[in-house]
Amino acid sequence: MLKKVLYSFLGIILFFIFAAMGISMMYKNEIKDLITKTANEKLKAKFQFEDASISLLRHFPNLSIEVENSSIIGKNEFKNDTLAQIPKLTIQIAPLAYLLDKNIEIQEVILEQAQFNLIILPSGLMNWDIYQAPPSDSPQEKTDQNMRISLNHYQLIDSKINYIDQMRGFSTQLVQLNHEGSGDFSKDIFTLNTSTEVEKLSFEFLGKTYLSEVTGKLEAPIEMNFAKMEFAFKNNDLYLNELPIHFDAWVAMPDTSIDMDIKFHALKSPLKDFLSLVPLLYQNSFQELQSSGDFALSGYAKGKMNGRSMAGFGMDVRISNGAFSYAKVPVGVKQMELDLQIDNPDGVPDHTIINLKKFQLYMNNQPIQANLFLKTPLSNPYLKASLKGVLNLGEIAKIIPQKNTQMSGTLQSDVQLDGYVQDFKQAKGKANGYFNARQIQYSNSETQQKINIKNAAATINPKSLIISTLEGNVANTEFSASGSLQNYVLYFLKNDKITGNLTLESPLVDLNPWMKSQNSTSASTASSADLQIPKNIDFTFQSSIGKLLFKDLVISQAKGEIHLADQVISMDDLSFQLANASWKSTGTFSKKDHQNASVNWAFNIQDLNIQEAHKYFSLVQKLAPIAAAAQGKVNVDFTYSGELNPDLSPNIMSTNALGNMDLIDFNLKNSTSFNQLVSLTQWDQLKNLALKPTHLNFQIKQGGLQFKPFEVQTNLTKFQVNGSNGLDQSLEYTILTDIPAKTLQSGVAASLNQQLAKLNPNLNFEKIQQALKMQIKVSGTVQKPQFKVNVINAQGNSNSSVTTQAKELVKQEAKQQINKQLDEAKAKAEAMKKEAEMLSQKLRQEAYANADRLVEEAKNPFAKIAAQKIAERLKKEADRKADAILEEADKKAQELIEKARQN
């Protein structure tokens, strides 16, 4: 009996093993399609994943489901936002619970390296509101009501959460988050035990950062009441760096809103715990910091939160008799006092009041004092503030030691503001005071950055911040600036757009140290991804730069207007010298968030040395590499647009250019390819080829350089050129030129002369050659060009056989000569006939005149009768001789024409 039971048990185990293997192997695609289809039917978003597997072996007897690289992407307003990206999701389910009780018992859910982006739009629309509930009377809904789902444990491992509330103006980021919770979710009332650790916690409100990458830790049992959807945190301690914050919280979700009542406090904690929230202190030998004084914190959040409103909140922060220093540093901060209140009773962001009643500290016996009162921060901020004191940066460096960093110099200010920001824009309200900076020096040995502000002075009035002097240098770059800034109050309050008009002068701008600085901190080269153009700045600079260095480029005598706005740098009527040429340009450089940098320019360049162009510009190197061996100068006028690669070089495939250029003193004496062509044609005079000024039009599109057909006049002959070359260095050109018979002693034309001489040595070779052209086809690549030379006639018909071409030309010339001889014979015959006609006519006229005179001179009738007889005989004889002359002339003419035809 026992043996049968054992065999039966083993049989069941083997069945499950083979069944699990079969499910995993046979139904993998069906499982993937089912999960995707079901999820997308339930969600107002797009769910997708790369792979999924199911197994009974991995966590036997639980059914294990693993989903790899899953994501949820929003629709409509959130179509460009990824709500969740989960590289690995593991779910363990107890299958027996479903088979026996029709209940889904989830043992564990684990999300690894997940990233969640939670967004609330200004309209209150939330991107995580994606569940699409079926109709209440649907069969699926009724089936679901009879099914119980439980969850015992869940866990997030090394995950990240970004929360952005655009409607209320605050955001939170949690990086390297590890969180887990366990409890019996099958019950309506139970305790959920949670544990949370986060390496970097940041919090911003209305554009200001209140927590920056602090560590957080929380062990929190939560009393769960699913029947009333109420959840309570009691006697919990949250640790932010070294600061413990005790809080009690009650949260209810009776509908789509969240009701909350949260209280927190850190009463009379040591000041050092609070100072741990200051990144500069916490990251620099914090354990060696000595402090005294008291710190007190209390706050609340109470009310209803939903897509239209948020709960009220408030916070009080106080520091009294504060002091801190490092044991090894002789100076420190003393008499530190802080009294800050933040209050928002109803959750409306514009009802927030920030009241910094007092801020004071002494640094090496130099006082710094400030106060601030701010209300209606969104609609029309009212601001009452003052700042007065002297800040010695060298003492800060001693009090707060920083690795690799040195600072010195003094900052001094005495400013007062009182009024509404809208009044400030209209030059109303109270705003006066000054800022001064003297001998500010900052250097970082790690990034190799050096900043030196020799002198800076600014004053304020309600409308403008006026910079009267700003002189200094950054690395090798020297500059001086002056001008005014408007809307400066809102810029400093909540990063609203600031506008300004400034003049900028610099004898030297050297960008290369910044490139090297970026390279030293990253394995990659300097890239456009590292370049950030502020969104909230609208500055216009009247600039004059003596010399600007960028990589190998040296730009000098740069003058023009530079406009910086909306992450676009615009330059108008900018003139400068580059590569020993004169440039004028107008255009834009754009670098939007998450996009490659792009440019759109119009250039006019005069006297650009061709080899200099090849040396400095990658576009020339890739699309016109023959310039490396060319000599001469060009004038170029063109428009250019396209994206830049990460290293800020042109992306050739995205480049579009259209323009024209004039070649001046151009020659290819040093070109290996050109010398190869000379050798092939055996046209030695090409070595001394000199181009006359040539105008040509070009276009760059989809990685290729295309020339409009153009004609080149040279000291030898003229050339007709048509063709293009590509990004892959391919060449496709056709060159036509007249056969220069007088200059060619060998090669193609000489071979043609020889063939002509053999066929007919009496032909006019020079005349024949005027109807011929040499065709040169260039193909292959820049590295290995291929040349093919043909002789073609004026109509463009070619034949690679010189002998065949010569025979055809002989036939054409012979036919022309025959026609010429025949025409000459006909002309002589006509002349001969005309001469005979004239002679016969003269003969008749003389004979008839003599006969008539003979009759007239007769004196008597008998004599007249005899004279008439003689006259008739004379006339007949004259007619016979005249007709004979005409017949003889016609006969000779026919003989002459026939002889010409026979030749």
Tell me, yes or no, whether the heavy-atom count around [X] atom [atom1], taken from other residues, nucleotides or ligands under 6.0 Å, exceeds 12.
X      : atom1 : result
Lys463 : NZ    : no
Lys304 : NZ    : yes
Gln406 : CD    : no

Rounded to the nearest 0.5 Å, what separation is found between the [atom1] atom of [X] and the [atom2] atom of [Y]?
X      : Y      : atom1 : atom2 : answer
Phe359 : Gln369 : CZ    : CD    : 10.5 Å
Asn371 : Leu340 : CG    : CG    : 12.0 Å
Tyr491 : Ile498 : OH    : CD1   : 6.5 Å
Ile120 : Ser171 : CD1   : OG    : 11.5 Å
Gln115 : Leu177 : CD    : CG    : 12.0 Å
Ser480 : Asn455 : OG    : CG    : 11.5 Å

For the student: nearest non-hydrogen atoms of [X] and [Y], plus distance:
X      : Y      : value
Tyr239 : Pro244 : CE2-CB, 3.6 Å
Thr586 : Asp573 : OG1-N, 3.3 Å
Leu387 : Ala370 : CD1-CB, 3.9 Å
Phe424 : Ala431 : CE2-CB, 4.5 Å
Leu465 : Ala458 : CD2-CB, 3.8 Å
Ala456 : Leu470 : CB-CD1, 3.7 Å

With a 4.5 Å heavy-atom cut-off, do [X] and [Y] have their side chains touching?
X      : Y      : answer
Gln360 : Lys358 : yes
Leu502 : Gln542 : no
Ile353 : Leu374 : no
Ile396 : Met363 : yes
Asp343 : Thr352 : no
Ile467 : Leu485 : yes
Ile460 : Phe435 : yes
Gln441 : Lys450 : no

Exercise. List the steps, then state whether side-chain contact (heavy atoms from CB on, under 4.5 Å) holds for Leu118 with Ile161.
Key: CA-CA 8 Å; Leu118 310 177; Ile161 297 177; 4.2 Å; yes

Quiz prompt | Carboxylate-amine/guanidinium proximity below 4.0 Å for Asp566 and Lys497 | solution =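 Lys497 and Asp566: salt-bridged.
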
Self-check item: Sidechain N-carboxylate O distance under 4.0 Å for Arg318, Asp339
Solution: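 Salt bridge flag = yes for Asp339 with Arg318.
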
Practice problem: Start with the C-alpha gap between Asp346 and His351, add the side-chain angles, then the distance that decides, and say whether side-chain hydrogen bond (donor to acceptor under 3.5 Å, both in side chains) holds. | Solution: CA-CA 8 Å; Asp346 55 11; His351 293 173; 2.7 Å; yes

Any side-chain donor paired with an acceptor under 3.5 Å for [X] and [Y]?
X      : Y      : answer
Asn436 : Gln412 : no
Ser570 : Thr588 : no
Asp350 : Ser379 : yes
Glu471 : Thr469 : no

Quiz item: Can you list the steps and then say if His563 with Asp538 is a side-chain contact (heavy atoms from CB on, under 4.5 Å)?
Solution: CA-CA 7 Å; His563 187 205; Asp538 187 346; 2.6 Å; yes

Quiz item: Are Val175 and Val198 close enough, and set up right, to give a side-chain contact (heavy atoms from CB on, under 4.5 Å), and what steps lead you there?
Solution: CA-CA 6 Å; Val175 180; Val198 59; 5.6 Å; no

Practice problem: Please work out whether the ring planes of His265 and His246 are parallel, tilted or perpendicular, with thresholds of 30° and 60°. | Solution: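 His265 and His246: tilted rings.
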
Judged by atom type as modelled, is there a donor-acceptor pair below 3.5 Å linking the side chain of [X] to the main-chain atoms of [Y]?
X      : Y      : answer
Tyr434 : Thr459 : no
Ser464 : Ile466 : no
Thr172 : Tyr163 : no
Ser543 : Gly560 : yes
Asn241 : Leu243 : no
Asn473 : Asn476 : no

Quiz prompt | All side-chain hydrogen bond (donor to acceptor under 3.5 Å, both in side chains) counterparts of Asp414, not counting sequence neighbours | solution =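 Scan of Asp414 (side-chain hydrogen bond (donor to acceptor under 3.5 Å, both in side chains), adjacent residues dropped) gives Gln416.
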
Practice problem: Please assess Gln341 against Asp316 for the test side-chain hydrogen bond (donor to acceptor under 3.5 Å, both in side chains), listing each intermediate value before the final yes or no. | Solution: CA-CA 5 Å; Gln341 294 179 359; Asp316 289 352; 4.6 Å; no

Quiz prompt | Verdict with reasoning, Gln486 to Ser484, per side-chain hydrogen bond (donor to acceptor under 3.5 Å, both in side chains) | solution = CA-CA 7 Å; Gln486 290 76 43; Ser484 62; 3.1 Å; yes

Practice problem: Examine Phe274 together with Phe295 and report whether their ring centres are nearer than 6.0 Å. | Solution: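 Close enough - the centres of the two rings lie under 6.0 Å apart.
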
Exercise. Step by step, work out the side-chain contact (heavy atoms from CB on, under 4.5 Å) result for Leu201 and Thr215.
Key: CA-CA 6 Å; Leu201 169 64; Thr215 61; over 6 Å; no

Exercise. Starting from the C-alpha separation in whole Å, work towards a yes-or-no answer on side-chain hydrogen bond (donor to acceptor under 3.5 Å, both in side chains) for Asp81 and Asn127.
Key: CA-CA 8 Å; Asp81 298 313; Asn127 73 330; 5.7 Å; no

